[in-house]
Every structure is written in structure tokens, then in C-alpha cells.
Amino acid sequence: MSKLHVSGGFLGAGLACAPALACAGTPAGINSGDTAWMLVSTALVLMMTLPGLALFYAGMVRAKNVLSVMMQCFAITSLVTILWVVYAYSWALTPAAGGVNAVFGGLSRLFMRGVGVDTVAALAPTIPENVYMCFQLTFAIITPALIVGAFAERMKFSALLVFTALWVSFVYVPIAHMVWGGGWLGAWGVLDFAGGTVVHINAGIAGLVCALVLGKRRGYGHVAMQPNNIGYTFIGASLLWVGWFGFNAGSALGANGGAGAAMVATQIATAAAALGWLFAEWAVSGKPTVLGIASGAVAGLVAITPASGTCGPMGALAIGALAGGLCYLSATRLKKHFGYDDALDAFGVHGIGGMVGALLTGVFAAPLLGGYGTVGTAAGSGFGHQFLIQLLGVGVTLVWGGVGSFILLKFTSLLCRGLRVDEATESTGLDLALHGERGYHL
Amino acid sequence: MSKLHVSGGFLGAGLACAPALACAGTPAGINSGDTAWMLVSTALVLMMTLPGLALFYAGMVRAKNVLSVMMQCFAITSLVTILWVVYAYSWALTPAAGGVNAVFGGLSRLFMRGVGVDTVAALAPTIPENVYMCFQLTFAIITPALIVGAFAERMKFSALLVFTALWVSFVYVPIAHMVWGGGWLGAWGVLDFAGGTVVHINAGIAGLVCALVLGKRRGYGHVAMQPNNIGYTFIGASLLWVGWFGFNAGSALGANGGAGAAMVATQIATAAAALGWLFAEWAVSGKPTVLGIASGAVAGLVAITPASGTCGPMGALAIGALAGGLCYLSATRLKKHFGYDDALDAFGVHGIGGMVGALLTGVFAAPLLGGYGTVGTAAGSGFGHQFLIQLLGVGVTLVWGGVGSFILLKFTSLLCRGLRVDEATESTGLDLALHGERGYHL
Amino acid sequence: MSKLHVSGGFLGAGLACAPALACAGTPAGINSGDTAWMLVSTALVLMMTLPGLALFYAGMVRAKNVLSVMMQCFAITSLVTILWVVYAYSWALTPAAGGVNAVFGGLSRLFMRGVGVDTVAALAPTIPENVYMCFQLTFAIITPALIVGAFAERMKFSALLVFTALWVSFVYVPIAHMVWGGGWLGAWGVLDFAGGTVVHINAGIAGLVCALVLGKRRGYGHVAMQPNNIGYTFIGASLLWVGWFGFNAGSALGANGGAGAAMVATQIATAAAALGWLFAEWAVSGKPTVLGIASGAVAGLVAITPASGTCGPMGALAIGALAGGLCYLSATRLKKHFGYDDALDAFGVHGIGGMVGALLTGVFAAPLLGGYGTVGTAAGSGFGHQFLIQLLGVGVTLVWGGVGSFILLKFTSLLCRGLRVDEATESTGLDLALHGERGYHL
Amino acid sequence: MKLITAVIKPFRLDEVRAALSEVGVAGITVTEVKGFGRQKGHAELYRGAEYVVDFLPKVKLEVAVDEALLDAAIEAITQAARTGRIGDGKLFVLPLEGAIRIRTGETGPAAL
Amino acid sequence: MKLITAVIKPFRLDEVRAALSEVGVAGITVTEVKGFGRQKGHAELYRGAEYVVDFLPKVKLEVAVDEALLDAAIEAITQAARTGRIGDGKLFVLPLEGAIRIRTGETGPAAL
Amino acid sequence: MKLITAVIKPFRLDEVRAALSEVGVAGITVTEVKGFGRQKGHAELYRGAEYVVDFLPKVKLEVAVDEALLDAAIEAITQAARTGRIGDGKLFVLPLEGAIRIRTGETGPAAL
Ligand SMILES: Nc1ncnc2c1ncn2[C@@H]1O[C@H](COP(=O)(O)OP(=O)(O)O)[C@@H](O)[C@H]1O
Ligand SMILES: Nc1ncnc2c1ncn2[C@@H]1O[C@H](COP(=O)(O)OP(=O)(O)O)[C@@H](O)[C@H]1O
Ligand SMILES: Nc1ncnc2c1ncn2[C@@H]1O[C@H](COP(=O)(O)OP(=O)(O)O)[C@@H](O)[C@H]1O
């Protein structure tokens, strides 16, 4: 289901206002309140990556690699911006002719052609297309940036740039088109209000593939890899929480009741997941950690993302609490069990959290469970049906994202003569060896 | 006086627009511009606590306790969110039947029952109730978080959680109801635009009681307790300043002239108080400090909070300058004189600053002094009267908050077998001993 | 051209809505959506200085001076706020009688006289004047704060305060009036959407003069002056990027298509400049640095500032890429060549970037090049003409700002018995010697 | 002259310094060090993974003294640093062949 | 008794500590130091300006041992610290006149 | 062989290092330390409360030299470190019984 003003939930109340507002004399349909909120949401989602996510991750690596993580996030932001305005926006979110449209969009907006000061996109009729385009750009930025958590402390900078460009073009863009841009998954009825599949499962599975293809950091499992600055991680998690209001409530594409409901669901699920991880950890290891509560909050934010447009407050509570507990287990047990080195748990938090959320979206959208969705009505029909549709969405994303990431990594490896830095660089640290800088001179 | 669209000031201009806007086709009364601003204000006030206040405080403690402060703020945020949506919102801001309503609200919104996508609250008729509820939640979060400053570096984490839950329920909720929710203080005419009594005096007096009940940190007064990272404190103060626009201008509950006036008052008072503390300190100790100017700014923000809806720009200047000077004296002289260990000056800044502001609100609301209030008209009537009403509001808050906090601390102490960590934990630091982490590995 | 709702670009679509909205019952002309966006923009631009710019700069100095930079930015913010509401706003942005108006504004708004809750300014007819005044204040704050980069690590704190007060009054205010407030440069047609001349060239040239008058830091050129915390610089650059949406898109003075177009131009130019500096540096020195990509982003933000209201997306790409490369050369080659110590490149980034942007504004405003301006129409007329007008604007700013800054520095030096701290203070570090504090106790 | 080197618990530093002043020691040089020994390290947690940090923060003092002061200084340090619990640390005595005060060029005991 | 002081590459610390344990050394004091020597420093960049940082991060170990253990300890350290590349560091042996365990007051080899 | 240990003011480090190079000393080990002595500490402020920080940042150099180089090295250090103001620091000479270059196993003066 596309990220439309009229999404699976909220019963279309928003759209009704468009014609009436047109009388206000602004260009047909543009509403100043909706525009104000979407300008802000765009800024908030950009802030999630810079500095939010970058700090969240940078605090967890060793001191010798702290800058490399910031660099990766900053470079991804810049690179994806250029790709997006040159072709990726058009390819993701405009219709293509014929059957191609099931998977890829069209070329009508190459180089932003035809986007004027007052034009609007069909997918967001009450705000300027420029704002819609820029809002969507911030999603295309954060998704590859999330993957950084998986290959932190060992990937070549050149390989990162090449992989990002390829991955955005051939993994992010088609999934976004399939779900939000008019492609077949949205048409089939997959609910993904703000990006559970498009953003989180997608980044999570790519992260897992990266962790497997690149291999473990040297010393992983026997050397203590102490996070250099949990304070950075704390700031990052906090800004992610704040910025996520733009991500989820912004996905209502207007300043309306739907945005309000999404904000509330986001706040509740995040709090529940933070406490879920905290208490799970306290029970298991005897000590509640800051890294734990912060990770739990992020897990809750991830899990509520697809559901925030359709679940009610108590559904959000359930989704959050479950996500907090399950992500705790996946980041601590699952990873240990299988022995891959997903350094900062890109898969453990975003992959697992995204799947928990995407599937439960199909459950808690039901009005029977306090949801605002069109599924699971009193008649009971469609309840299990929606769950299956969600499962389909998850499955397609896992397969496309997993296989696609693998192929693109191999191709990147050829182009850049390897994906990993050499041993000396890894032992010196990427900051000094690749970037000629050190994080701290205190 | 409640935090209404039509508050003591601004003469109702805002409300008049509601019926006209209804023609815009949105659900009766919801205005997209107001909603946009309140969505943002909610995000801004959340940012005040996470990461703002947490950093402001965390920078001032010793390096071994830096994470414990962040943890406390993060856990409070999560915990209060759950309490709020389960019962505290209903209890604070909906009407109860009969005489109970003087002090406590009703139960109609337990578990968010009846809050729909497009419902509105009577207290905020132009925005979705979800947004109003969430905005108010951020106030309920920051208030107990402010108290952290008083008992930092020595409180048990378990005791903190229990105390917070009790305090929000039995101190914050009733005071909020009495002033804003339809209770007797608001009905009597106490002016508190954005929370001078409800938030700051309330947290300040609780902090003083905590400091007295828990006792001093070991070594207080003879060991140098060096702030670990004034940079964090600086970032925190800056984000508090920025976020406070949401706190004060957001309390206009819409994007209107009242919000604009509140923003200007906030900006002026903060600047005046920052300079007030700076010059006072420069004159007294010979050196202006970053901790000083940052503390002064916070003192100004606190003091202007109750007045920001009714005072004019020059009233704000006066309130700010006074608050800066007086809080400097209370944090440096008063505390020394009485010898209590209010570690980070929760009482010295929020208690004293809140009282200065609450009382001067009664003065500078007068149009004679450039204010927008309904008191002290040209006829001169009611000028001293409003001051007495403000005094009443302050007095009730001090007594209820002081006695309530004391009782709840004693009760918490029973439940958690003590409020304070043991000596070894305090000397090792709470980060490692309670949370198994260290703030920095540089 | 003044920072009007109807600026050189966007063809007036915005203004048309004012009368229609008046029917909404709000005070004549105030639009809640526009007001919401401008409240937020004000908060965003404040965040650019505190903590954004302060962190950007503070991270680059040596550990012993980290707090002094934060202090300077905080004190400038507080001081300029008071000056602004007392007289500078009136002087800059209200009309004066007679010929004076070419350079200075009037005195009608001294002490905010006549600014009410619901009054509007002629220059921003759809938002409360309070909001417009406060938005403009944040520009008056960041401009002198930018100069800090030039004299960092060696200026007396008292001299800084005096110089700031003088400079804002006699350099910033007249230039702002000439360009935006109704003075002769705006009347001549100089395009400066968001402050390329008023803010950046102005601060840049003042920085160069400061660097020359104060002289080099001791040890400059032979001692390694290691930046203490590139992480701070990274956070600062990120918040500058996010906050700049308020700076540029906010300069549309409403939530409309113009704001959307300015946001997109900003995002594109920033990304292009970040990559421009990154690749230039990678090619020249073999290593791409975090300081480099962050500096490049700021260079792009600076350069797009004057153009963001009139250039199209591909114009933004060109301006950004050029600014990134040229500022890299000026910060590394030009400074080395001439041997002045512009410590953190206030001139190299803001002066040069501002000039690149101001001149190219005259080029890429042309619809022929995808711009939205009124110059260089299909008929071809006025294309070179606008470039000359821009050149005039740049020239006047350089002369007024350069000469003015020099005179004010000499005057400040007399008042404060010198501009520079003594040798012992410089070697100990300003933090301990002037402010009695140290940045870190880890 | 002798050089006394003592590794002690950080939070005893102030007491030790005071005790040394009392017996007439005028100068001390202090280094933050990490100690491995009988005292066990602490555990840190990272997303549920626990790892033991074996080294413990200690403080090393270096004090150059004239023979005449040696016993009093040793006594002062050991008394003030002792908590009686494991990890209190060690004190070593090394022979010192010469000492110079850089400012004045004084040598021998006069330099201390 | 002797005091062994060794300056080594930081990332060999764990190996050296393990090797010392094996030969029966119970305690070590470790300091982070910077070394100047034959090994060249690294370059750092600052807005395109390159400056060479001459000092290199090293770790200094201090180990007090009884004569009987001296050779084994020296052997353990040099073997475990050696990478064969320039900058592996130095090991110095100093005479130790006395040692005291602060907790118990034990002296001489028993204190180690 | 001797081990020279000198505690100096941090900002003299570069000069001292240069002076040592000139007389032919090839290696130095440097530690950041805090010194207590005649020189008074500084005051820090915390919300108006002033506390005196007694220790001062100093830098400790350790240089192992052959007897032949001893006097020249001492002269180089004391000259380069001297500012003539209180707190310039101390220089100590300790006997060194052995030295090993870990990389090659060379011993004695050849190891330095
Ligand atoms: N042989 C040794 N050589 C150098 N330092 C030692 C030695 N043994 C112990 N130390 C130092 O003394 C500290 C305390 O020693 P430890 O064995 O833990 O307890 P105790 O001093 O009570 O015997 C260690 O952390 C280490 O720094
Ligand atoms: N004469 C010396 N005195 C004290 N420390 C030294 C001396 N020479 C070398 N060092 C220390 O040993 C380290 C390694 O020495 P270096 O000459 O770089 O390589 P190598 O050990 O392979 O000869 C130096 O970084 C320094 O810390
Ligand atoms: N007896 C001592 N043993 C070890 N270090 C000392 C001793 N006396 C002084 N120092 C070191 O030398 C430094 C300078 O000494 P101080 O007495 O302040 O000045 P000066 O060197 O001019 O006499 C001190 O900070 C301390 O580190």
C-alpha cells in the first residue's frame, strides 16, 4: 500500500479537505499546514541520519574507527542525494509504461524535469512535489546508512561508495516502487505505512549479507571491542526517537489526524520496546545498560514503522514490547549462535524488528484490536488474509534484497579489488589509515 | 488558568478561527497549520529531555557517573509514556464527576479509550486529541527528569523507577489537573501559561526534598567533583533553548499570534538571564564560565515559562535578568549556606527560577507594564490581586509537592530497601557498578 | 531584493492566498500554516548557532580552547538578542524617513514598541510580526558568530563582546537594511534570497580583517594544532545542514512552493559541495577526511544561500560542486599562500563560498538555465545585467564590511586595551585562563 | 638518594599526598596506570555480551628522597594507601645515582 | 630483585601478559606512553594541511621479579612482543633494592 | 648504561627532543604525568564554587643512554627544558643493568 495521504488507515478523512482548501487561493490543492509539516518532517528525517544514526553507530565502535562511521554516513547522504534527483526519484516513484511498472517506475522526472515550484505529485496532492521528493529522498538516504552497522570497522571507503550507488539503484528503488510507487506489492495490498519492508527489512537483510560476505572483524569474539563513547550512542538514539516523528507521522503526508495517530503509536511502541529490552537484559544479565535501553528504543521505532498508520495505541504497546524482547534475543543469542559478525546489529535490530513489525501490522490493523485498518472487520473476514499478504511482502523483500545485495557486493568487489581493508589498516584503525585523522586529541 | 487556546492573554483571537476553518472540509475544527505546529512542538519538547536535559546534566557529573544520568532520563521517558497512555492522561486532563474534579480528573480516557484519529479534546479544539495528549505527555516526562539533578550520582536505579511512577501519579497529575485540567487552581485564576508551577516549582521542590532525604554525596564539599564534559552541558543547554520554543510557544496550542508572542518572550528572557548570570559571576569570581552562562539561560527559560503567554517583550527582559541573578545566588550562596547537596541545582535553578517566574507573571501580565493579560488594567484593579493568586499557586505547589515527595520517597525506600547505592558502588561509579558500562574508552 | 514572500522568484503564487485565507477568521492575513513553518524555521536557525556552529568550530580547536569557542557563540547569541529587540530590528528592517532609508532603517520599533500579538510586518504579511522579528534575529545572531572562526584561540572575551555589539550595529544592520530592509541595494535589484551577502560575505570579510589585525596564533605553521574532537565538528556540520532548511526554505516566509524549491536547492547544493571537496581532497592528498566532507557541505550551504530562491535543481548542482572545489582551494592553498591565520576558515568558507554563490545567483536565476528568476528570459535581455548587479552587491558588502570591521576592531582595541590575550593565557589555553574551566575530565 | 615507586588505589591518592607532605616530602610525580595482579577485574556488558576487563585503574607515584627521609616516606605511603583489601598495591625502592633541579641546576639532595 | 621495564607495541599486550602468566609472573603495571625512535610516525591531515606526528603510541610494562625468574620473564616478554618489524621496542633491567606489599606489609620477594 | 628520567613542562617537549637528537640520542619514551611540587596549581570554577587543582600537567621522559653519552644528554635536556620559572622539573639518573632490542635481540649499548 503506498505512502499515500489516504493509506490503509484513517479512512480518507484527510483527502476530503483538498478540494475545499483549493478555494484558499494557493495553487490547486497545496495546503500550507500540510506543507509546513512536511517541510519539517523532511528536516527531521535528515536529522535521523545526520547526526542521529551516525552517532548511534559511531559511539559503538572502537575509538580508532569512530570517524570512519561518521564519514560513511555523511558520504552516503551526499551521494544518494545526487542519484535521487538525477534518476532514482523518477525510477522509484513515478509510473512507468506497461508491465515494467510492476517493479520499476518511469523516466519522466529524470534530472527533476517537469518539477516546478507549484507542481504536486499524484501521491501527495496537498504539498509541493519538491517537498514530497525531498521527503522521500531522506528515506532513500537512511536505508543504505543503516547497513553501515553490519560492516563497520572493516569496509573499504571506495567499496562503500560503489556499493551504495548500486544498492540504492537496484535494491532500494525497485522495492520502494513495488510497495509505494505503484508497483505490484502495493497493488496486492501490502501495508507498509512508513517503511518496515522498504527501509528496515531491506537494510537488515542487506546487512546480514554484508556481514557474511565480508567476514568477521579480526579478533572478533576474543578481543574486547569496547564501544568508544556510549554518550554518542545515547545522543544518536535520542535524535532517532525525535526524528522518527517525521518518519512516521510525516508519512501521513499532511498535518492531520493520521499524523497524530502515527505519532502516538510511535511514542508508545518506542517506550514499550525500550523497557522490554531493559527488563529482559536486567533479568538475564543482572544489569540494565544504556546501550540496551537505547537499542530497545530503536527496535521499537523500527517495528512500529509499518504499523504506525493503522494500529491503535494498545496495538502499538504490544508491538513495541514484543520487538524489544525479540530484538534483544536476536542481537545477543541469535548472532552468537550463528557466529556472524553483524558488528552493530543492523540485521538484529532492523531486520528482525522490521519483520516483527511488518507481520504484526497485519494483525493490529484490525479494528477488533483497536486498529484503524480495513482488515479484520467485525465480520472477521480478511484477518488471516492480511497476515499472508504481509508475509508475502516480507518474503519478497528478503529474497530481492538478499540476492540483490549478494550480487552487488560481488560486483563491487571486482570493481574495487576487494571489499575489505587490509590487516594493517584494520589494526591501525580506519580513521588514521583511510582518512588521515583521529577522533580525539583530548 | 488552563493551557487553553484562549488563555489569560491574547484575547481569544485564536478561537475565532475555528468555525470558519471548519469549512475547509477537515474534521470539525482541526486546523492543519495548528496541527503542524503542535506536532513539531511535541517533537521539540521530547528533544528537551532526550537528549537535551540528559546531556545538560550528564556533562556536570563525574566521568564515572555520566551514563547513569543518561539512563535515568531515558528510563523516565519510557516509563512515563506508558503510565500516561494507560491512565495518567485521563487522570490529569479530563474532567471528573463532582468534587473530585477539584484535584483529580476522570477515568474516561483510560487506555486511550475513545481517542480516535479525528477526535479533539475540549482543551485544544483545533488539533487532534492524539496530538494534544502526546504534547502534554512530553511535559509529564520532563518534569520528573528535572528532579534527577538533585539526586544524581547516588540514587539506586530501581528506586528511581518506583519513585518516578509514584511521583507522576500522585504529585504531577494532581497539580497538572488543578492548574490546567479544570481543577481549582485554574478556576481561581492562577496564571501558568506553560508550566512554571506544574513543571518547574514542582520538580524543584521535589528535588530539594530528595537532596535532603538522600543526603550528600560522599566527599561533597572537600573532594573536587569535576564536571566530566562541559561540552555535553553546552549541547544540552542549547537544545533546551531551542526545544523550549515548543514548550512555551507550543503552549499556545496553535500557530497563531499567541505562539509568536510566547516565542519572543522566551528568546528575550533567556538571553537576559544568560547575561545576568554571566555578569554576576564575572563580577563576583572574576571569571565568566560556560557552565554559568548555560545555567543562566536555563534559569531564564524556567522563569519565563509561566509568563510567556501574558508578558510583553520588556517584561520578559526584566523577568530574565532577575532570574539569572537570583538563580546564580541560590545555586552558589543559598546551597552553600544551608549545606544540602542539590547536586546539579534542580532546586536552585528550577525551584527558585520557577518561583521568580510564577510571581512576576502576576506583575508583568499587566498591560500597564506591556503585558497582554487581563490584570492590572488602566483602572488599576486586580493588580495586587493577581499577585496574591500567583502566591497561592506557588504555595499550594510547594506544600503538595514537598509533602508528597517526602511521603513517596519514604514509601519507595521501603519497597526498594533503601534509596541510595552502597559505598562501594558510589566510589566505583554508578556506570560500572549498576549498568556494567563505562562512558568513554578513548 | 528583500526577503519577501514575493521574492525575485516563485512568481508571487504565495501572496495570492492571503486575501482568501482572511476568510478563515484569523487576524487579517495571518496564515496558520505559514506561521507554523516560520516558528519552526526560527527554531532551526537558532539551532544552527546553538549548538550547531559552536560545535562545528569547537571541535576544530585545540582541547585547551574548546570551551572558549562555545562561550563566544553562547554570549553572542544572548547579546545580539538584547540589541535586536532594543533597537537593531527597528534599525534594520523598518523604513526610515527620507534619504537615510537608503542605508539605515527607522526607529519606530525601538523596544518593540507597537509590535502586538497579532500585528504583521509589511515584509512578511502572512505571519505575526513577532515571528518575523524573531526569525530575522536568528540571522543577526549567526552572522557575528561565524566570525569567531577567524580569531579563535586568541581573542579576549571582553573584546569579543564589545566588537560584536559594534559590528552588529554598524556593519550587519546597514547591510541588512540595504539588501532586505528597503535600502538601495535591494531597490537596485540585488538578489539575495537568504543571506549570501548579508550573512556570509559580510562575516567572511570581517573574519579576514580580524585574522589580519589580530595576527597569527603562536606556533602557527610549525606546531601541529590538532583538532580536539572531529566528532563535535561532525555533529555541528550535520545540525547546520538540517537547520539550514529553516535558513533557506524559511526565507520564503511561508509554507509554500517557494519554500519547497528552496529546500530542494539547498539539499542538492550541499551534497554536491560535500562530494566536490571530498573528491578534490582525495585526488590531491590521497585521503578523504571527515573534516573535508563536513567543510564541503558547509561551503555548499553557504553558496546556495543567495540562490536558493531563484535557481533550479540543476543550477543548485552546479553551484554546489563549484563551491566545494573552490572553497577547498581557498582553505588550503590561498591561506597558505598569503600566510594569514584564518584559524577555522571563516573567510575561506563563508567569504569565498558567499561570493561564489552571490555571483552565480545572477547566472542560475535565468529560466534558460532552469532558474525561477526574472532575469535572462528567452529574449536574452538582462542576463549579463543581473550578474553586474550581483557584483555590485558583493563589492559594496566587501568594502563596507572590510572597512567597517577594521575601524571597529581598532576602536575595540582602545576600549579593551588590546584585542588579544597575553602569551601565558594563549599557552595555557583560554578555557582555564579566561573561564576557569576545562573541557574534559574523562 | 632513592627513588620510591608505589602503585596504589586511585582514591587513596589524596591521603598519600597529605601523609607525604607531613613527613617533609616536597614533590611527587603521579601517573595513571593499569594494574594486573591478584585483584580481579570487572565485567563490562555490550549488548548482552559480557567481557571481563582484567586491568584495573591504579595510580603510580614516583618520589625521589634523600636516604634520611626514606623510611619515613615509605611508612607514610604504606599507611595512607592501605585499605587492607586485595589490590592495595606495591612499593618499590630503586637506587638513584643523581638528581638535578632543571630550573637552577642544583644537584644531589638539594635538587629534590 | 630486578625491575623489568619494557616498551612494546600496544597490540602485543595481551600476548605478553599471557606469556608472563605462564612463567609465573603474578603482577604487572602498564602505562600508555608515546615513543620516539627509528620507527617513523604517521601523517595527519587538517583541511589539506599535512603534519607528521612523530610519536607513536606504545605501552610500557613494569614487572618486578625475583632473580630466579628474571631470565624466564625476559624471554617471555621478548618472544611475545616480537613482530620482527621496526618499532618492536626495548626491554630494560633495573636493580631493585626493596619491595613491599602495601596490604600486608610483606617485604622482599614475598611482596611480589 | 644509565636511565635518565626527566619531568619537564609539556610545552618544552619539542625543544628537548630536538636537543637530544642533536647529541645523538636515538630514542625516547614519553609519558603524560601530573606533578606536585613547589609550583602552585590552578583554580577551577564550578557554579561559583572555586576549587584548587594541585596537580599540574607535566611530561616525563625516559632515555636510556650509554655512559659515553650521559653528560651530553643531561646537558641537552636541562638546557632545552629550562625556562627559569618555578616548576621546570627534575632530572634523575638511575643505573641500568641491561637493555634488549626486542626486534633483533641485540643487548647492551647496541640495543639503544
Ligand atoms: N610483580 C609486579 N610488578 C609490578 N607491578 C606489580 C607486580 N605485582 C603487582 N603489581 C601492581 O600492584 C597492583 C596490586 O597488586 P595485586 O596483586 O592485585 O594486589 P596486592 O597488592 O594486594 O597484592 C597490581 O594491579 C599491579 O599494578
Ligand atoms: N634510548 C631509548 N630510551 C628509552 N626508550 C627508547 C629508547 N630507544 C627507543 N625507545 C623506545 O622504544 C620504542 C621503539 O624504538 P624504535 O627505535 O622505534 O624501534 P626498535 O625498537 O625496533 O629499535 C620507541 O618508540 C621508544 O618508545
Ligand atoms: N622529590 C620528587 N620526586 C619526584 N618528582 C618530583 C619531586 N620533586 C618534584 N618533582 C616533580 O617535579 C615537578 C616540578 O617540581 P617543582 O617543585 O614544582 O618545581 P621546581 O622543579 O622548579 O623545583 C613536580 O611537578 C613533580 O612532578
Side-chain angles (χ1 to χ4, degrees), chain E residues 1-10 12-13 15-16 19 29-41 51-62 64-65 67 70-71 73-97, chain F residues 1-8 10-34 57-67 70 73 76-77 80 92-112:
Chain E
M1 291 177 299
K2 301 290 171 190
L3 182 70
I4 305 175
T5 294
V7 179
I8 63 168
K9 290 186 168 159
R12 305 306 297 171
L13 177 60
E15 281 79 0
V16 171
T29 298
V30 175
T31 315
E32 289 178 8
V33 298
K34 301 171 196 163
F36 297 84
R38 280 167 193 78
Q39 189 188 359
K40 274 195 307 184
Y51 52 84
V52 175
V53 177
D54 301 297
F55 56 81
L56 290 155
K58 300 278 172 187
V59 150
K60 184 173 85 172
L61 305 172
E62 289 169 296
V65 290
E67 239 85 346
L70 182 63
D71 289 342
I74 291 177
E75 183 68 14
I77 295 173
T78 50
Q79 290 305 323
R82 182 172 299 154
T83 68
R85 262 162 296 169
I86 198 159
D88 273 356
K90 314 284 176 190
L91 182 151
F92 304 120
V93 180
L94 291 101
L96 193 55
E97 298 193 349
Chain F
M1 290 175 297
K2 302 291 172 191
L3 183 70
I4 305 175
T5 295
V7 179
I8 64 167
F11 73 98
R12 306 304 297 170
L13 177 59
D14 283 327
E15 280 79 358
V16 171
R17 187 160 56 92
L20 281 171
S21 290
E22 258 173 46
V23 299
V25 170
I28 317 174
T29 298
V30 174
T31 314
E32 290 178 7
V33 298
K34 300 172 199 163
K58 300 277 173 189
V59 151
K60 184 173 83 171
L61 305 172
E62 289 168 297
V63 190
V65 289
D66 195 11
E67 240 85 348
L70 183 63
I77 296 174
F92 305 121
V93 180
L94 290 100
L96 193 55
E97 298 193 349
I100 304 178
R101 184 192 309 278
I102 291 173
R103 170 165 49 99
T104 58
E106 286 161 280
T107 56
L112 301 181

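Chain naming here is simple, since letters A, B, ... match the order of the sequence lines and numbering starts at 1 in each.
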Which atoms of F/Glu106 approach chain E - backbone, side chain, both or neither, heavy atom under 4.5 Å:
neither

Can you say whether F/Leu3 sits under 4.5 Å from chain E via the side chain, the backbone, both, or neither, judging by heavy atoms?
side chain

Quick one: what part of E/Lys34 sits under 4.5 Å from any heavy atom of chain F, side chain, backbone, both or neither?
both

I would like to know whether F/Glu62 and E/Lys90 meet side-chain contact (heavy atoms from CB on, under 4.5 Å); could you show each step before the answer?
CA-CA 12 Å; F/Glu62 289 168 297; E/Lys90 314 284 176 190; over 6 Å; no

Intermediate values then yes/no, side-chain contact (heavy atoms from CB on, under 4.5 Å), F/Leu112 and E/Phe92:
CA-CA 10 Å; F/Leu112 301 181; E/Phe92 304 120; 3.8 Å; yes

When rounded to the nearest 0.5 angstrom, what distance separates CG in E/Asp88 from CD1 in F/Ile102?
6.5 Å

I'd like to verify something: which residue of F/Thr31, F/Leu94, F/Thr107, F/Thr104 has the highest number of heavy-atom pairs under 4.5 Å with chain E?
F/Thr31

Chain E neighbours within residues 15-30 of chain F, where any heavy atom lies under 4.5 Å away
F/Arg17, F/Ala26, F/Gly27, F/Ile28, F/Thr29, F/Val30

Contacts of residues 80-87 of chain E with chain F (heavy atom under 4.5 Å):
E/Ala81, E/Arg82, E/Gly84, E/Arg85, E/Ile86, E/Gly87

dist F/Asp14:CG -> E/Asp54:CG (nearest 0.5 Å) comes out at 8.0 Å

Please determine, among E/Gln79, E/Lys60, E/Gln39, the option with the most heavy-atom pairs under 4.5 Å with chain F.
E/Lys60

How far apart are the C-alpha atoms of F/Glu32 and E/Glu32, what are their side-chain angles, what is the distance that settles it, and do they pass the side-chain contact (heavy atoms from CB on, under 4.5 Å) test?
CA-CA 9 Å; F/Glu32 290 178 7; E/Glu32 289 178 8; over 6 Å; no

Nearest non-hydrogen partners of F/Pro95 and E/Pro95, listed with the distance
O-CD, 3.5 Å

Residue from E/Ile8, E/Ile4, E/Val7 scoring the most non-hydrogen pairs under 4.5 Å with chain F is E/Val7

